Amino acid sequence: MTNVTIPIDYNFLLDSSLALYKPKGRPHVTLTFAQSLDGKIAGKQGKQLTLSGSDSMKATHILRARHDTILVGIGTVLNDDPRLTVRLTLEDLPSGCRSVEHPQPVILDSTLRFPSNAKLLLPSSPKKPWIFTVSGHDHQKRAELEALGAKIFVLDADAQGRPSITHLLSVLHQQSAGSLMVEGGAGIISTFLKSGLVDSFLVTIAPVYVGDIGVSAMQDTESALKLDDISYHSLGRDVMIVAKPRRE
Ligand SMILES: NC(=O)C1=CN([C@@H]2O[C@H](COP(=O)(O)OP(=O)(O)OC[C@H]3O[C@@H](n4cnc5c(N)ncnc54)[C@H](O)[C@@H]3O)[C@@H](O)[C@H]2O)C=CC1
Ligand SMILES: Nc1nc(O)c(N)c(N[C@@H]2O[C@H](COP(=O)(O)O)[C@@H](O)[C@H]2O)n1
């Protein structure tokens, strides 16, 4: 018997993950990340792990292409030095996509720890980062980052002194961003889930077990996450769960 490979239909990413409704005054927020079977997004001391297989990684890049902006926390920048670009061609994208455009990188960084030698600031980086901070940051560092092409926004502080998510979303709306893809890391995932401002939730579950040494995706065990409109998608060896957080 010959093995027949059935191509994966990625059109579910166009239906369920984005812009079924556009919230008033803020972008549509998609929270998406990859975790192990035991809910870990990184290894020992935050070591970056490639959890997604090639098929689910393709889904992540399709999602990047579908969003106007993409957000990670400064912890992820310091740890992973990500590029946050779309590494696909137009032929790789589902038929509803008309062009390959990179999302605008957005970083939450309370004290401007953003490294001047980060990949996001290299001349080859297609879109220089927008860094959101709070007042009281180092003005010399700000000037250094701006000279390298970063745009710095100063937001109201939340109760912990970090950039306010509500204010962030309103500024992104003013900048004409219709959608925001939040990739992580752990601190950012927890903040967005607690904020009640997540519209779409897509989690890749990879068939690996990391163990207690790893970093948990959700760090606040007091608030349970309830989901509606759930669908499950087989992406090679991984499963992607697509859902909407329940609003109570
Ligand atoms: N498997 C996956 O899909 C992903 C995994 N990761 C992993 O996550 C790890 C990084 O996670 P974390 O260290 O938690 O860093 P993080 O990327 O969640 O950033 C947390 C930092 O952002 C600052 N921050 C500023 N405003 C904030 C706000 N409103 N809410 C929360 N934090 C705010 C915090 O002060 C803290 O220093 C890395 O190991 C990385 O590899 C990151 C993204 C995706
Ligand atoms: N979807 C997904 N699967 C994994 O296994 C991952 N480790 C991540 N990580 C996220 O992707 C960022 C790296 O992006 P670039 O390849 O440099 O563009 C990393 O920082 C995490 O946000 N995602």
Side-chain angles (χ1 to χ4, degrees), residues 13 29-65 70-88 102-103 105-114 118-120 122 124-127 129 131-134 137 153-169 171 181-195 197 201-208 210 213-220 235-240:
L13 294 169
V29 177
T30 301
L31 176 61
T32 184
F33 55 87
Q35 67 166 56
S36 62
L37 287 175
D38 54 335
K40 308 295 182 194
I41 60 165
K44 191 176 179 182
Q45 290 166 345
K47 180 182 167 4
Q48 185 178 16
L49 296 178
T50 302
L51 293 161
S52 301
S54 57
D55 296 314
S56 55
M57 196 59 100
K58 180 171 172 181
T60 295
H61 281 254
I62 293 171
L63 284 170
R64 287 181 177 185
I70 182 168
L71 182 147
V72 295
I74 186 62
T76 297
V77 173
L78 292 168
N79 197 74
D80 299 357
D81 194 13
R83 285 179 282 173
L84 305 177
T85 50
V86 179
R87 270 111 60 203
L88 294 175
H102 302 289
V106 167
I107 315 299
L108 288 180
D109 181 2
S110 316
T111 52
L112 291 190
R113 288 189 288 152
F114 197 101
K119 285 191 186 125
L120 284 165
L122 289 176
S124 57
S125 173
K127 288 188 176 162
I131 304 174
F132 288 79
T133 189
V134 290
H137 54 268
F153 295 82
V154 180
L155 295 179
D156 298 338
D158 68 10
Q160 283 80 43
R162 304 170 310 194
S164 146
I165 297 299
T166 322
H167 194 190
L168 165 79
L169 295 181
V171 172
M181 173 170 170
V182 178
E183 279 206 2
I188 295 296
I189 293 169
S190 303
T191 293
F192 270 87
L193 283 175
K194 278 189 259 173
S195 75
L197 293 165
F201 178 79
L202 297 92
V203 56
T204 296
I205 302 185
V208 294
V210 173
I213 47 152
V215 176
S216 294
M218 289 170 219
Q219 298 187 324
D220 179 0
L235 298 175
R237 49 161 224 180
D238 305 331
V239 170
M240 184 177 263

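As the structure is a prediction and not an experimental result, all values here were calculated from the model. Whatever order the structure lists them in is the order used to number ligands and atoms, beginning at 1.
- Using a 4.0 Å cut-off to heavy atoms of Ile41, the atoms of ligand 1 that qualify are 1 (N), 5 (C), 6 (N), 7 (C), 8 (O).
- For atom 32 (N) of ligand 1, the nearest non-hydrogen atom of the protein is Ile188 CD1, 3.7 Å.
- Residue contacts with ligand 2 include Thr76, since one or more of its heavy atoms lies under 4.0 Å from the ligand.
- At distances below 3.5 Å, at least one donor-acceptor pair connects side-chain atoms of Ser36 with backbone N or O atoms of Lys40.
- The protein atom (non-hydrogen) at minimum distance from atom 19 (O) of ligand 1 is Gly75 N, 3.2 Å.
- Of the N or O atoms in Asp81, none lie within a sub-3.5 Å distance of an N or O in ligand 2.
- In terms of protein heavy-atom proximity, atom 10 (C) of ligand 1 is closest to Thr76 OG1, 3.5 Å.
- Per-atom contact check: atom 23 (N) of ligand 2 does not touch the protein, criterion being a heavy-atom distance below 4.0 Å.
- If you look at Thr191 next to ligand 1, the close heavy atoms, those under 4.0 Å, all belong to the side chain.
- By the 30° and 60° cut-offs, the orientation of the rings of Phe132 relative to Phe153 is parallel.
- The protein atom (non-hydrogen) at minimum distance from atom 28 (C) of ligand 1 is Arg162 NE, 3.7 Å.
- Residue Gly73 approaches ligand 1 through these ligand atoms, each under 4.0 Å from one of its heavy atoms: 16 (P), 17 (O), 19 (O).
- Among all non-hydrogen protein atoms, the one lying nearest atom 3 (O) of ligand 1 is Ala34 N, 2.8 Å.
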Candidate pair His137 and Val154, rule side-chain contact (heavy atoms from CB on, under 4.5 Å), full reasoning: CA-CA 9 Å; His137 54 268; Val154 180; 3.5 Å; yes
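- Residue contact check for ligand 2: Arg87 places a non-hydrogen atom closer than 4.0 Å to it.
- Interface of Asp80 with ligand 2, defined as ligand atoms under 4.0 Å from a residue heavy atom, comprises 19 (C), 20 (O), 21 (C).
- By the 3.5 Å distance cut-off applied to N or O atoms, Ala34 is not counted among the residues near ligand 2.
- Paired with Pro82 under the rule side chain to side chain contact (heavy atoms under 4.5 Å, CB included), one option of Thr85, Asn79, Leu84 passes, and it is Leu84.
- Comparing Arg113, Glu183, Lys44 by heavy-atom distance to atom 4 (C) of ligand 1, the nearest is Glu183.
- Rounded to the nearest 0.5 angstrom, Lys58 NZ and Leu13 CG are separated by 10.5 Å.
- Considering backbone and side-chain atoms together, Leu51 places an N or O closer than 3.5 Å to an N or O of ligand 2.
- For atom 2 (C) of ligand 2, the choice among Gly73, Gly75, Ser52, Pro82 with the nearest heavy atom turns out to be Ser52.
- Ligand 1 has no nitrogen or oxygen under 3.5 angstrom from a nitrogen or oxygen of Lys47.
- Taking every non-hydrogen atom of Thr50 and a distance limit under 4.0 Å, the qualifying atoms of ligand 2 come out as 5 (O).
- Residue, atom and distance of the protein heavy atom nearest to atom 21 (C) of ligand 2 are Glu183 OE1, 3.6 Å.
- Among protein heavy atoms, atom 16 (P) of ligand 1 sits closest to Gly185 N, 3.5 Å.
- If you check which protein heavy atom lies closest to atom 14 (O) of ligand 2, you get Arg64 NH2, 3.0 Å.
- A distance of 7.5 Å separates OG1 of Thr191 from CD of Gln160, quoted to the nearest 0.5 Å.
- Shortest contact from atom 25 (C) of ligand 1 to any protein heavy atom: Ser110 OG, 3.4 Å.
- A heavy-atom distance below 4.5 Å is not found between the side chains of Val77 and Asp109.
- Near Thr60, with a cut-off below 4.0 Å to any heavy atom, the atoms of ligand 2 are 1 (N).
- Counting atoms of ligand 1 from 1 in the listed order, those under 4.0 Å from a heavy atom of Gly184 are 17 (O), 43 (C).
- Of the protein's heavy atoms, Leu49 O, 3.9 Å lies nearest to atom 6 (C) of ligand 2.
- The nearest protein heavy atom to atom 9 (N) of ligand 2 is not closer than 4.0 Å.
- For ligand 2 and Leu84, the ligand atoms under 4.0 Å from any heavy atom of the residue are 15 (P), 18 (O).
- Heavy-atom proximity to Gly187, at under 4.0 Å, picks out these atoms of ligand 1: 14 (O), 18 (O), 31 (C).
- Counting atoms of ligand 1 from 1 in the listed order, those under 4.0 Å from a heavy atom of Ile165 are 29 (N).
- Here is the list of ligand 1 atoms found below 4.0 Å of a heavy atom in Phe33: 3 (O).
- Considering backbone and side-chain atoms together, His61 places no N or O closer than 3.5 Å to any N or O of ligand 2.
- The shortest N or O to N or O distance between Pro163 and ligand 1 is below 3.5 Å.
- Here the heavy atom of the protein found nearest to atom 23 (C) of ligand 1 is Ile74 CG2, 3.9 Å.
- Scanning the protein heavy atoms around atom 17 (O) of ligand 2, the nearest turns out to be Arg83 N, 2.8 Å.
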